[in-house]
2 protein chains.
Amino acid sequence: MPSIKDVADIAGVSTATVSRVLANKPHVRPQVRERVLAAVESLNYRPNLVARSLRVQKSNKIGLIVADIQNPFFTSVSRAVEDLAYDHELSVFLCNTDENPKKEDIYLDLMQDENVAGVIIAPTRQTASAFTEAIKLDLPMVIIDRRLQGVDIDSVLIDNIDAAYRLTEHLIADGHRRIGAMFGLDSVTGSQRHQGFLKAFKEHDLQPSSDLVIHVNAREDEGYQAAKELLSRAQPPDAILTSNGLLSVGAFRALHESKVAIPDDIGFASFDETGWTTLVNPPITIIEQPTYEIGQAATELLLQRIKNPNRPAREIILKANLVVRGSCAHH
Amino acid sequence: MPSIKDVADIAGVSTATVSRVLANKPHVRPQVRERVLAAVESLNYRPNLVARSLRVQKSNKIGLIVADIQNPFFTSVSRAVEDLAYDHELSVFLCNTDENPKKEDIYLDLMQDENVAGVIIAPTRQTASAFTEAIKLDLPMVIIDRRLQGVDIDSVLIDNIDAAYRLTEHLIADGHRRIGAMFGLDSVTGSQRHQGFLKAFKEHDLQPSSDLVIHVNAREDEGYQAAKELLSRAQPPDAILTSNGLLSVGAFRALHESKVAIPDDIGFASFDETGWTTLVNPPITIIEQPTYEIGQAATELLLQRIKNPNRPAREIILKANLVVRGSCAHH
DNA sequence: AAACATTTTGTAATCGTTTACAATAAAAAT
DNA sequence: ATTTTTATTGTAAACGATTACAAAATGTTT
């Protein structure tokens, strides 16, 4: 690999001049600039990013730390971040915490060690320690998907209360009263969606059957279990609402296996558009999160913060979209 | 951020000694080692990876370049790579080429510029130029999913011919004769699967209806179109076989919309386990690729090559798994 | 006690850039 | 023609680690 020294030698100038040419700095004769460019070309020279990063103490990378790379929500967000970053000549360092705070700590440290320009992160439930420290060291950072209490930091979220409210209200409007619901355990998102759920009941002067509300980890198997349990109740629910994509698959699988008819025996409504919801019969009524927009907004926020580290933190709240299909038809 | 100099000062030693302690090198008095460790602790010191990387000309990162981060095949592979890398204290730089050779070039260059220890890549159809160059510069590399002709390089693939052969044979055994099939265009994988398809017919002394074989880009919309077209034929097929997950969704959506009954009106069989195949009625018979194993094998291969750059290239071929479900029952 | 071997530590060069600062060359003003 | 100003280039010091090599300290042998 040729270095800047080699280029300088061939062009018959100093490394400083080469650097100036490459950075498009002023004060270099057009003639010399030509020579340098020719040398760069002939050697197929590319600046060593590691050396540059060491010298200027920053880089053109941004970090993206997600909780689960297999969750379509995150891949869609990632896609958006990738696209925007690419447009701005940034590269993306994508990491998967697996909902593991220890991994989150490690990756957050790693990001700093790598001199990233900033990071976009979907924090795990438990606020990690490296987290607040990274914030202190003013690493530009924006949070997605989950609000972090207490800290003043750029974030982009969806209006979970409103989304759950609308989904619940839709079930109520379709005549469902005994609504079984499952929400993510220990997650701010989950509890907000629970709030929205309750709000819908309240505003319709109804009482939710609190024994039908289950809090579980956002995993397919737990969704499956929860649905099985709801179905086995003495007085089973007349509809099931799930608060995220993974729970949703699990719950649907349980209903499917139990051969209860949707929507005749039981209504079904869920969060997240995950590809299969329109392939089944009937298609599922869902709340669709604007995943791509979330990624876009997060990247824009991050770019702005990098440019201006002192601006006040901003919180962008996007509305989710209720997509009515056939799974909760009139009861 | 404290540097090794700060640690050295506090411990009252030279930076060389600090480095030796941290690298667990011999020749340092236990007493001194203690002092250094205490200093490290008190300052909360972490070595600067950029500086280290510049000095030793390598790093603990590996690159993973995939064609489409939204394709469950790749996320599952990524997951495996992540897991193994984590166990070996490597971090993973994940990039998405979007099937775009230009992006592939850029990322491949970037990998070298970042001093990665090696890269795992699912190459785009067109062999990119930076590619062969990277190989020349002996960047440790392993290829997944797609064979690259001409070059002698570690790779892990599945036996596509065999897989397609078995899937086709299964359809034939179930009495299907006019099998409509769609294969990925311009892709080695696609053409291998086509070969397997033909082989099954040949070995059963049957003649495939070549007018029912369609080559399209591996995208959902093209799968949808292709299926629609097959259905509208004067003599429509009695079964449809799709050669990858995205085509599969599209084709299924077309069948679903057209209200043809599976398997009574038409059989359906497909590649890739993508989550929805067991949620629909009937569940879909598929070839399941050992995605996690692919990622594992690739990472192991890469680690070995990093350790021993001169060993001869190895090609690992994994068998795919035929999962028989209800979508092609006896015709 | 001197000579030698071995262990422990420090000095300084190095990796490939960027960038203050100094030095030189060219242009403008006197 | 000399001085002053401005534009162009080079020199060398960072950035923060690792690592030959030299030096010092300790231990061993004669």
Side-chain angles (χ1 to χ4, degrees), chain A residues 1-40 43-61 109-117 137, chain B residues 1-40 43-61 89 109-117 137 139:
Chain A
M1 278 280 224
S3 78
I4 197 171
K5 186 76 180 29
D6 303 318
V7 176
D9 288 350
I10 290 201
V13 296
S14 72
T15 62
T17 302
V18 177
S19 180
R20 271 187 283 261
V21 170
L22 263 35
N24 263 310
K25 293 249 171 94
H27 303 311
V28 35
R29 295 213 315 282
Q31 198 195 117
V32 175
R33 157 165 278 124
E34 280 307 307
R35 280 217 313 277
V36 170
L37 258 21
V40 164
L43 286 176
N44 216 304
Y45 166 77
R46 283 199 316 272
N48 181 316
L49 298 184
V50 176
R52 173 181 292 167
S53 174
L54 175 61
R55 174 60 225 238
V56 303
Q57 301 287 29
K58 58 187 170 125
S59 75
N60 289 308
K61 298 187 290 262
D109 282 350
L110 184 69
M111 289 299 138
Q112 293 178 252
D113 296 343
E114 289 284 345
N115 276 339
V116 296
L137 291 166
Chain B
M1 279 281 224
S3 78
I4 197 172
K5 187 77 182 27
D6 302 319
V7 176
D9 288 350
I10 290 202
V13 296
S14 73
T15 62
T17 303
V18 176
S19 181
R20 273 189 281 260
V21 170
L22 264 36
N24 263 310
K25 292 251 171 94
H27 304 312
V28 34
R29 294 214 315 282
Q31 197 196 119
V32 175
R33 158 164 276 124
E34 280 308 307
R35 280 218 314 278
V36 170
L37 258 21
V40 164
L43 284 176
N44 215 304
Y45 167 77
R46 283 199 315 274
N48 182 316
L49 298 184
V50 176
R52 173 181 294 167
S53 173
L54 176 60
R55 175 60 226 244
V56 304
Q57 301 288 29
K58 55 184 172 135
S59 75
N60 290 307
K61 298 187 290 262
E89 312 209 305
D109 283 350
L110 184 69
M111 289 299 139
Q112 295 178 252
D113 296 343
E114 289 285 345
N115 276 340
V116 296
L137 291 166
L139 172 66

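As the structure is a prediction and not an experimental result, all values here were calculated from the model. Each chain gets a letter, A, B and so on, in the order the sequences are listed, and its residues count up from 1.
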Using a 4.0 Å heavy-atom cut-off, does A/Val50 contact any base of the nucleic acid, only the sugar-phosphate backbone, or nothing at all? nothing

Can you work out whether A/Val18 or B/Val13 has the more 5'-proximal nearest nucleotide on DNA chain C? B/Val13

Short side-chain N/O contact from A/Lys25 to OP1 or OP2 of C/dT19, under 4.0 Å: yes

Below the 4.0 Å mark, does D/dG16 have OP1 or OP2 next to a side-chain nitrogen or oxygen of B/Ser3? no

Please answer whether the main-chain N or O of B/Lys25 pairs with a side-chain N or O of B/Arg20 as donor and acceptor at a distance below 3.5 Å. no

Can a donor-acceptor pair be found, under 3.5 Å and without considering hydrogens, that links the side chain of B/Asp6 to the backbone of B/Ser3? yes

According to a strict under-4.0 Å criterion, is B/Arg52 in side-chain N/O contact with OP1 or OP2 of D/dT18? yes

Phosphate oxygens OP1/OP2 of D/dG16: is one of them under 4.0 Å from a side-chain N or O of A/Gln57? yes

Starting at the 5' end of DNA chain C and moving along, which residue's nearest nucleotide shows up first, B/Arg55 or B/Ser14? B/Ser14

Measure from the side-chain heavy atoms of B/Leu54 and tell me the nearest of C/dC15, D/dT19, D/dA12. C/dC15

Is any side-chain nitrogen or oxygen of B/Thr17 closer than 4.0 Å to OP1 or OP2 of C/dT9? no

When we call it a touch if two heavy atoms are under 4.0 Å apart, what does B/Ser19 touch: a base, just sugar-phosphate, or nothing? base

If you take atom types as modelled and just measure distance, does the side chain of A/Arg46 reach the base of C/dG16 with a donor-acceptor pair under 3.5 Å? no

Kindly say if A/Arg29 contacts the phosphate of D/dA7, meaning a side-chain N or O under 4.0 Å from OP1 or OP2. no

Quick check: does any side chain N or O of A/Ser59 sit under 3.5 Å from a backbone N or O of A/Asn115, one acting as donor and the other as acceptor? yes

B/Lys58 side-chain N/O to C/dC15 phosphate OP1/OP2 under 4.0 Å: no

